[in-house]
Amino acid sequence: MIDVLYFAWLRERIGLRRESVETQAATVADLVAELRTRGEGHDLAFADLAAVRVAVDQELAAFDAPLRGVREVAFFPPMTGG
Amino acid sequence: MIDVLYFAWLRERIGLRRESVETQAATVADLVAELRTRGEGHDLAFADLAAVRVAVDQELAAFDAPLRGVREVAFFPPMTGG
Amino acid sequence: MPARIQQAAFDAGAEANAFAAGLAGAGAIVTFTGIVRGDGGLLALEIEHYPGMTLRAVEAFVDAATLRFSLTDALVIHRHGRLAVGEAIMMVATAAPHRGDAFAAADFLMDWLKSRAPFWKKEIGPSGEAWVAARDSDEDALTRW
Amino acid sequence: MPARIQQAAFDAGAEANAFAAGLAGAGAIVTFTGIVRGDGGLLALEIEHYPGMTLRAVEAFVDAATLRFSLTDALVIHRHGRLAVGEAIMMVATAAPHRGDAFAAADFLMDWLKSRAPFWKKEIGPSGEAWVAARDSDEDALTRW
């Protein structure tokens with residue numbers, strides 16, 4: 001079980017702040033492929049991965065990051081703080 | 001008559017904050033040459049002109065600046081504000 | 001406490017004074033305060049963040065700045081939630097023996113906060129709401145360091 | 001009033017807040033505060049200035065910065081007289097729509113104040129007094145602009 005979190009427009013498109021996902025996905029990219037099958041909102045949110053950033057267990061990561069032992073994956077657009 | 005002002009170590013070496021000088025000096029450099037004859041303190045203060053800055057009527061100037069019509073000349077070391 | 005993430009407004013001047021009062025050996029203090037601008041009829045800004053990650057990420061930037069720039073101390077305050085035009089969004093304060101380090105560290109922290117801290121801004125205007133897009137120039141700024 | 005030259009201490013936080021309160025359209029405020037450091041047993045700093053020239057010179061730097069960096073506003077406060085270790089010597093505040101301008105203008109003003117404003121610092125230590133020598137690096141800094 002992995003907690004998947006969404007922020008900003010990914011949260012709005014998917015309509016969820018978080019969901020628990022039962023998955024055997026080996027990498028973030030594999031997880032994204034699974035998530036896209038969950039519905040139209042999910043599919044749309046991940047349509048352009050160049051516009052999506054990911055954090056694995058609350059650290060910024062790449063889409064090829066492994067998910068073994070991971071508890072939390074978050075997806076969000078490029079950050080705009082400051 | 002020109003008001004001549006001294007600041008920082010020039011003031012201390014010369015022992016004066018200001019003095020009124022009757023002069024026909026054409027340039028700041030000419031004025032310095034005259035001032036150096038006023039005594040040992042004056043002579044010492046102007047011994048190394050590379051360490052002296054000048055303002056003519058309260059604007060930074062060069063040693064070849066003309067003195068025609070000038071009312072105030074100030075001598076001081078390189079500035080160290082901020 | 002080098003970083004605070006909060007919804008509440010803060011008093012930038014009082015924070016700067018409290019920061020300065022705790023220093024020993026600093027010769028230079030730089031502060032940066034970001035303010036909500038009312039461009040294009042903007043009514044408010046809504047700032048979302050990632051609670052589990054934000055504070056640690058910001059503290060990591062502060063640690064990196066402190067190591068890199070011989071700082072005496074550094075502080076980041078960043079708000080989330082709804083902010084009206086004219087309100088302070090965030091502030092950075094840096095203190096160092098010499099001014100070059102204090103300026104560079106504040107600039108460095110701003111670059112990292114802009115592009116690597118998990119905050120997202122939404123502009124609320126008269127004709128609707130829109131997420132602020134990240135600018136390439138913000139990302140490029142990180143390559144300076 | 002873009003510049004003040006004064007003997008009295010000032011409250012940097014209160015000055016920064018007053019500066020911020022008077023702004024419209026600024027998105028970024030940068031402040032710099034210079035503090036007397038107690039290096040080498042320093043007891044106090046004595047700052048001499050050229051009363052007839054100082055304020056106009058500093059105002060001219062503020063005008064130059066405002067023109068050059070799209071500033072909303074700028075402020076310089078610089079003290080003279082005797083200052084104890086830990087006291088604020090001076091402060092600069094700059095406000096601009098964008099942070100790059102606010103940072104650059106504060107840095108620019110500091111470079112000019114260091115080398116072209118008629119102030120002279122004397123260090124008063126346990127073994128005597130000595131005028132602070134200008135550093136070549138301060139003079140060189142002006143060539144950046």
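Note on naming: letters A, B, ... go to the chains in the order of the sequence lines (proteins, then strands), and numbering restarts at 1 for each one.
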Query raised in the report: Based on non-hydrogen pairs under 4.5 Å, which of D:Gly27, D:Gly100, D:Ala102 is most in contact with chain C?
Result: D:Gly27

**Report entry** Segment of C:Ala106 engaging chain D (4.5 angstrom heavy-atom cut-off)
**Finding:** both

Query raised in the report: Tell me, side chain or backbone of D:Ala28 under 4.5 Å from chain C's heavy atoms, or both, or neither?
Result: both

Donor-acceptor pairs between chain D and chain C under 3.5 Å, which ones?
unit_1	atom_1	unit_2	atom_2	d
D:Asp11	OD1	C:Asn17	ND2	2.7
D:Gly13	N	C:Asn17	OD1	2.9
D:Asn17	OD1	C:Gly13	N	2.9
D:Asn17	ND2	C:Asp11	OD1	2.7
D:Gly27	O	C:Ile35	N	2.9
D:Ile29	N	C:Thr33	O	2.9
D:Ile29	O	C:Thr33	N	2.8
D:Thr31	N	C:Thr31	O	2.9
D:Thr31	O	C:Thr31	N	2.9
D:Thr31	OG1	C:Thr31	OG1	2.4
D:Thr33	N	C:Ile29	O	2.8
D:Thr33	O	C:Ile29	N	2.9
D:Ile35	N	C:Gly27	O	2.9
D:Arg37	NE	C:Pro97	O	3.3
D:Pro97	O	C:Arg37	NE	3.3
D:Arg99	NH1	C:Asp111	OD1	3.2
D:Arg99	NH2	C:Asp111	OD1	2.6
D:Asp111	OD1	C:Arg99	NH1	3.2
D:Asp111	OD1	C:Arg99	NH2	2.6

Query - Region of D:Ala26 that comes under 4.5 Å of a non-hydrogen atom in chain C - result: backbone

Requested in this report: Pick one of side chain, backbone, both or neither for D:Met110, based on which atoms fall under 4.5 Å of a heavy atom in chain C.
Outcome: both

Query raised in the report: For the residue pair D:Phe32 and C:Phe103, what are the closest heavy atoms and their distance?
Result: CD1-CE1, 3.6 Å

Report summary line: chain C shares the most heavy-atom pairs under 4.5 Å, among D:Pro97, D:Ala12, D:Gly38, with D:Pro97

Report task. Go through the atoms of C:Ala14 and report whether side chain, backbone, both or neither lie under 4.5 Å from a heavy atom of chain D. Result -> backbone

